[in-house]
Amino acid sequence: MTMEPHKIVSRDEWLVARKAHLTREKELTRLRDQVSAERRNLPWVKIDKPYVFDGPDGKETLADLFAGRSQLIVYHFMLGPEWEEGCKSCSFLADHIDGSVIHLAHRDVTFVVVSRAPLPKIEAFKKRMGWRFKWVSSHGSDFNSDYHVSFTKDDLAKGKTYYNYDLRESPSEGEAPGANVFYKDGTGDIFHTYSSYARGLDMLVGAYNYLDLVPKGRDEDALAFTMAWVRHHDRYGDDYFVAPPAPYLPPKGSDSCCSAGEDHS
Amino acid sequence: MNHNPIVSREEWLVARKQFLGKEKELTRACDALNAERRKLPIVKIDKEYIFEGPTGPARLLDLFDGRRQLIIHHFMFDPSWDEGCKSCTHFENDRPHLPHLHAKDTSYAVVSRAPLAKIEAYKQRMGWTVPWYSSYGSDFNYDFHVTIDEAVASVEYNYRTKAEHEQAGTLEYTRGEQPGVSVFLRDGDSIFHTYSTFARGVELLVPTANYLDLTPLGRQDA
């Protein structure tokens, strides 16, 4: 494991260094506050296209997904129709969703996960992972393509796909991670307010926020891509350790590895 | 709430891409600050702390559970309280899935000053399985500045003295239980304190707040 040697000092000396770092942390907190405020001032786009999803209780429109609240967050979980299990990196993020859902609901936010796999495949994987959040299928809908998180064979054949507001090399697995935010007003009109992809999703992974506090940090520099160490939470060894250089196995059924955290900064 | 300007997809994209540049700057500023944090000096812990845990008394060393790094959530639960703090409970609901931290050689434990029986009852009510220890009767909470009592030690919370809190108008931070997260490193049997964060530094760890930051209404806590 890579770790720089640390200078061992008295508590008084540590306090001097810690307070200097605290000033920098506070600056960054204020910068985050400012960026969040700017985000809330972005313009919106009215959504006129009807989208229908398969959910646990049958067909649901985008409006239905709000479940009576005015704000909707959609997490686009990479689980393609042919895949046998969900993406490891998305599963890592999804391990942090259940704790947030009830608190978000009390802030007028409904949280829903969407994947392109048919519903039975979603439900089987959800059960295996022990998750409770709402997860619907966009199978057969344009939803994923319109929000730039799924790519058709035609898209992929062109060699470049549009993701994170730019053209990039096509992901051979055909799916990519993202989050979308929608607002529904009193008249029932729906607006798209925000989309985020790639490293824009990092801060939603609680374990990353914690790892940023420990001496070794995320410790990913030597890996093939940032989340190469991540496994499904039921697939770590008994002692939880994973061998960092071990190859990253792609989800079964996908063509290649889903390098969700790779090269998107 | 009032609508933000409603525009075409093309116009939205112009604004969004411009904002993406700012988000990327912020991401890089976070990366840089995280790198600086890892260079902070560390302090050797020579004092022996004994906690009460589910399987009996435990030393700070035991809380590492064999791993090299330990994160402690200082959960506000005064011995006289009947239940744990609501905000700390929210924080624990958002706790990271521990196998991922374990895979990174990092243990996670919760410590409160309430006696173990109160902790265990509350933990059961919440349906949690997280390792949660009592520091009742120990100096631990005072030494790591999450229980503030002038009769025991001079006030220091979030690296501010009592006079500084008085000046800042944050007198609520000058007595009783306070929230925080502390990080320790183990080298053999030697233990080092590397980092502590308090107040809004704790808030950044919770995905709920970060999700709310993406929504039109924001955190709504003004």
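Below, chain A is the first sequence line, B the second, and so on; all start at residue 1. On a predicted model such as this, the values are computed, not experimentally measured, just so you know.
- Heavy atoms of B:T106 lying under 4.5 Å from chain A belong exclusively to its side chain.
- Within the 4.5 angstrom heavy-atom criterion, atoms from both the backbone and the side chain of B:V43 approach chain A.
- Separation of atoms OG (A:S100) and CG (B:N93) is listed at 9.0 Å; rounding is to 0.5 Å.
- At a 4.5 Å heavy-atom cutoff, the contact between A:L15 and chain B is made by side-chain atoms alone.
- By the 30° and 60° cut-offs, the orientation of the rings of B:H193 relative to A:W14 is tilted.
- In this pair, A:Y210 and B:Y108 present their aromatic rings perpendicular. The plane angle is above 60°, beyond the 30 to 60° band.
- The minimum heavy-atom distance linking A:P215 with B:T194 is given by the pair CG-CG2, 3.7 Å.
- Most heavy-atom pairs under 4.5 Å with chain B, from the set A:K46, A:H103, A:M203, A:E38: that is A:H103.
- Side-chain contact between A:R107 and B:R219 is absent, with no heavy atoms from C-beta onward closer than 4.5 Å.
- B:Y195 has its side chain out of reach of A:V214: every pair of non-hydrogen atoms, C-beta onward, lies at least 4.5 Å apart.
- Between B:K22 and A:Q34, the closest side-chain pair of non-hydrogen atoms is not below 4.5 Å.
- Relative orientation of the A:W44 and B:H3 rings is tilted, given thresholds of 30° and 60° on the angle between their planes.
- Side-chain contact of B:R9 with A:H192: a donor-acceptor pair under 3.5 Å is present, judged by distance alone.
- Here B:H102 and A:Y236 keep their ring centres 6.0 angstrom or further from each other.
- The two residues B:H100 and A:W229 have their closest heavy-atom pair at O-CZ3, 3.4 Å.
- Heavy atoms of A:T193 lying under 4.5 Å from chain B belong to its backbone as well as its side chain.
- Between A:R18 and B:T197, the closest side-chain pair of non-hydrogen atoms falls below 4.5 Å.
- Taking chain B as the reference chain and counting heavy-atom pairs below 4.5 Å, the highest number among A:L22, A:D98, A:V109, A:I97 is found for A:L22.
- A donor-acceptor pair under 3.5 Å is absent between the side-chain atoms of A:R24 and the main chain of B:L33, judged by distance alone.
- The side-chain heavy atoms of B:R16 and A:V45, taken from C-beta on, include no pair separated by under 4.5 Å.
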